[in-house]
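One structure below.
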2 protein chains.
Amino acid sequence: MDVGSIIKRLEAGGHKLTPKRRAIVEILLAEGRHLSAKEILQALQGKFPRVSFDTVYRNLHLLEEMKLICALEMQDGGCRYQINLRDDHHHHWVCLGCGQTLEVPECPLPVLKKAAGAVKFKIISHRFEVYGYCEGCQ
Amino acid sequence: MDVGSIIKRLEAGGHKLTPKRRAIVEILLAEGRHLSAKEILQALQGKFPRVSFDTVYRNLHLLEEMKLICALEMQDGGCRYQINLRDDHHHHWVCLGCGQTLEVPECPLPVLKKAAGAVKFKIISHRFEVYGYCEGCQ
DNA sequence: TATAAGAATAAGAATCATTCCGATTTAAGG
DNA sequence: CCTTAAATCGGAATGATTCTTATTCTTATA
């Protein structure tokens with residue numbers, strides 16, 4: 001995933017490529033790890049001193065809808081964002097030490113579909129995140 | 001799970017049995033379903049008009065630590081609480097229509113332990129909730 | 001290049017759940 | 001009954017997120 005392909009996907013979706021929108025993507029690409037909305041705002045203020053939280057959230061929501069980034073729910077309820085390296089649905093091992101994430105190789109939901117069917121439950125969405133420590137942080 | 005056994009567990013943990021604490025447990029038992037902190041506060045105000053949010057949250061956190069209730073993260077980020085009918089760790093099918101929950105028969109984590117080991121990730125905690133519609137609400 | 005239309009933005013107020021604070025009250029054991 | 005730590009109150013504070021309104025860009029098209 002590079003800036004070029006992200007820009008193409010934005011344009012294909014009928015969205016404008018504004019300087020701030022591009023900068024948010026570049027920040028996420030450069031950092032690699034997941035960032036909070038506040039961290040993104042602060043990084044953005046380097047180039048655009050007058051940028052607002054509203055702009056950060058609006059663009060993060062847009063990028064998330066287009067599946068260009070993914071939102072990680074943290075243990076404390078806060079949210080962090082990172083470039084979606086893969087294009088498909090997946091979950092994360094989230095390191096509580098350094099903040100790096102690794103991808104969980106499979107989604108647990110398919111295994112449970114039969115159990116849901118047994119109680120006639122129609123699945124709409126789910127959340128799954130695993131918190132702990134990566135090899136380096138243990 | 002009844003009021004008596006909950007009181008015993010509180011006393012065993014060295015906690016006082018205050019009228020408000022008992023009332024919160026009774027409200028959760030009487031309602032059966034999961035309630036938000038606000039709903040609990042409002043129900044509590046019937047008996048104790050001057051009770052504060054602080055008291056509600058303090059007691060909910062205590063009851064959660066003692067595993068007497070479980071906290072459900074909702075899709076919108078809010079939290080709801082219900083009596084922990086079983087004594088062990090489990091997850092829920094959460095109905096977006098009526099708010100009822102059904103217990104997921106197994107936790108997906110054990111299946112993924114091997115994958116975590118493969119990347120030397122030390123698991124500390126996890127979140128898993130499934131949202132959808134129960135049979136009656138579809 | 002000019003312009004129109006809609007999309008995006010700024011600024012800061014508003015919201016909402018949750019937590020914190022200092023002062024006061026209360027449960028439970030001796 | 002007394003003591004003491006725990007629990008409570010009332011309300012302010014916090015912090016992330018969303019909303020509102022006026023303004024400014026982008027892009028497409030003339």
Side-chain angles (χ1 to χ4, degrees), chain A residues 6-27 34-66 68-69 71-81, chain B residues 3 6-27 34-66 68-69 71-82 99 127:
Chain A
I6 289 174
I7 288 171
K8 272 180 202 148
R9 300 254 304 258
L10 280 171
E11 287 172 342
H15 300 287
K16 293 180 181 172
L17 178 64
T18 64
K20 278 143 203 163
R21 186 164 289 166
R22 174 195 274 269
I24 289 171
V25 170
E26 285 170 350
I27 287 163
H34 55 249
L35 299 173
S36 66
K38 192 176 191 177
E39 288 170 325
I40 293 167
L41 178 72
Q42 287 164 349
L44 206 51
Q45 285 174 329
K47 274 192 179 178
F48 307 96
R50 314 186 85 66
V51 70
S52 69
F53 255 123
D54 197 40
T55 297
V56 172
Y57 281 111
R58 191 171 359 84
N59 282 301
L60 288 174
H61 291 331
L62 173 67
L63 292 167
E64 193 189 353
E65 271 170 34
M66 304 200 71
L68 295 169
I69 62 176
L72 296 182
E73 300 274 344
M74 304 306 286
Q75 271 190 323
D76 63 10
C79 219
R80 290 168 164 267
Y81 305 85
Chain B
V3 177
I6 288 173
I7 289 171
K8 273 181 203 149
R9 301 256 299 259
L10 281 172
E11 287 172 342
H15 300 286
K16 292 181 183 175
L17 179 64
T18 64
K20 278 141 202 163
R21 185 163 290 168
R22 174 196 274 271
I24 288 171
V25 170
E26 284 170 349
I27 287 163
H34 56 248
L35 299 174
S36 66
K38 193 175 191 176
E39 287 170 326
I40 294 167
L41 178 72
Q42 286 165 348
L44 206 50
Q45 284 173 330
K47 274 192 178 176
F48 306 96
R50 314 185 87 63
V51 70
S52 70
F53 256 122
D54 197 39
T55 298
V56 172
Y57 280 110
R58 192 172 357 85
N59 282 300
L60 288 174
H61 291 329
L62 173 68
L63 291 167
E64 193 188 354
E65 271 169 34
M66 304 200 70
L68 295 168
I69 63 176
L72 296 182
E73 301 273 343
M74 304 306 284
Q75 271 191 322
D76 63 10
C79 219
R80 288 166 166 270
Y81 304 85
Q82 68 184 161
R127 296 174 140 194

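Each chain gets a letter, A, B and so on, in the order its sequence line appears, and its residues count up from 1.
- Between the CG atom of A/L17 and the CZ atom of A/R22 there is a distance of 5.5 Å, given to the nearest 0.5 Å.
- As rounded to whole Å, 13 Å separates atom C1' of D/dC9 from atom CD of B/Q45.
- In this structure, the side chain to side chain donor-acceptor pair (under 3.5 Å) partners of A/Q75, at least two apart in sequence or on a different chain, are B/S125.
- The distance from atom CZ of B/R80 to atom CG of B/L35, rounded to the nearest 0.5 Å, is 7.5 Å.
- Proximity of B/I7 to B/V25: side-chain heavy atoms (C-beta onward) are nowhere separated by under 4.5 Å.
- Across the interface with DNA chain C, nearest-nucleotide mapping of B/E11 and B/G78 shows B/G78 to be the residue nearer the 5′ end.
- With sequence neighbours excluded, no residue forms a salt bridge (Lys or Arg N to Asp or Glu O under 4.0 Å) with B/E11.
- The OH-P distance, from B/Y57 to D/dC9, rounds to 15 Å in whole Å.
- Looking at residues two or more places apart in sequence or on another chain, you find a side-chain contact (heavy atoms from CB on, under 4.5 Å) between B/K38 and B/S36, B/Q42, B/F53.
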Considering only nitrogen or oxygen atoms on both sides, find all protein atoms under 3.5 Å from nucleotides 4-7 of chain D and state each distance.
| from | atom 1 | to | atom 2 | distance (Å) |
| --- | --- | --- | --- | --- |
| D/dA5 | N3 | B/K16 | NZ | 3.4 |
| D/dA6 | O4' | B/K16 | NZ | 3.4 |
| D/dA6 | N3 | B/K16 | NZ | 3.4 |
| D/dA7 | OP1 | B/R21 | NH1 | 2.7 |
| D/dA7 | OP1 | B/R21 | NH2 | 3.2 |

Return a table of donor-acceptor pairs under 3.5 angstrom between the side chains of residues 58-65 of chain A and protein atoms on other chains or two or more places apart.
| from | atom 1 | to | atom 2 | distance (Å) |
| --- | --- | --- | --- | --- |
| A/R58 | NH2 | A/T55 | OG1 | 3.2 |
| A/N59 | OD1 | A/R21 | NE | 2.6 |
| A/N59 | OD1 | A/R21 | NH2 | 3.2 |
| A/N59 | ND2 | A/T55 | O | 2.9 |

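- First and last contacting nucleotides of DNA chain C toward chain B (any atom under 4.0 angstrom from a heavy atom, 5' to 3' order): C/dA17 to C/dA28.
- Listed by chain and number, the residues in a side-chain contact (heavy atoms from CB on, under 4.5 Å) with B/A23 are B/L44, B/F48 (sequence neighbours excluded).
- Spacing between atom CD1 of A/I7 and atom P of D/dT27 amounts to 11 Å, rounded to whole angstrom units.
- For residues 36-44 of chain A, proximity to DNA chain C is found at no residue, defined as any non-hydrogen atom under 4.0 angstrom from a strand atom.
- Computed from C1' positions of five pairs at each end, the angle between the two local axes of the helix from C/dT1-D/dA30 to C/dG30-D/dC1 equals 30°, rounded to 10 degrees.
- Under the salt bridge (Lys or Arg N to Asp or Glu O under 4.0 Å) criterion, B/K47 pairs with B/E26, not counting sequence neighbours.
- Residues that satisfy the side chain to side chain donor-acceptor pair (under 3.5 Å) test with B/R127, not counting sequence neighbours, are B/E73.
- In terms of heavy-atom proximity, B/H15 sits nearest to B/M66 at CD2-SD, 3.5 Å.
- Listed here is the closest heavy atom pair of B/V56 and B/I24: CA-CD1, 4.2 Å.
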Tabulate protein N/O versus nucleotide N/O from nucleotides 10-14 of chain D, keeping only pairs under 3.5 Å, one per line.
| from | atom 1 | to | atom 2 | distance (Å) |
| --- | --- | --- | --- | --- |
| D/dG10 | OP1 | B/R50 | NE | 2.7 |
| D/dG10 | OP1 | B/R50 | NH2 | 3.4 |
| D/dG10 | OP2 | B/R50 | O | 2.5 |

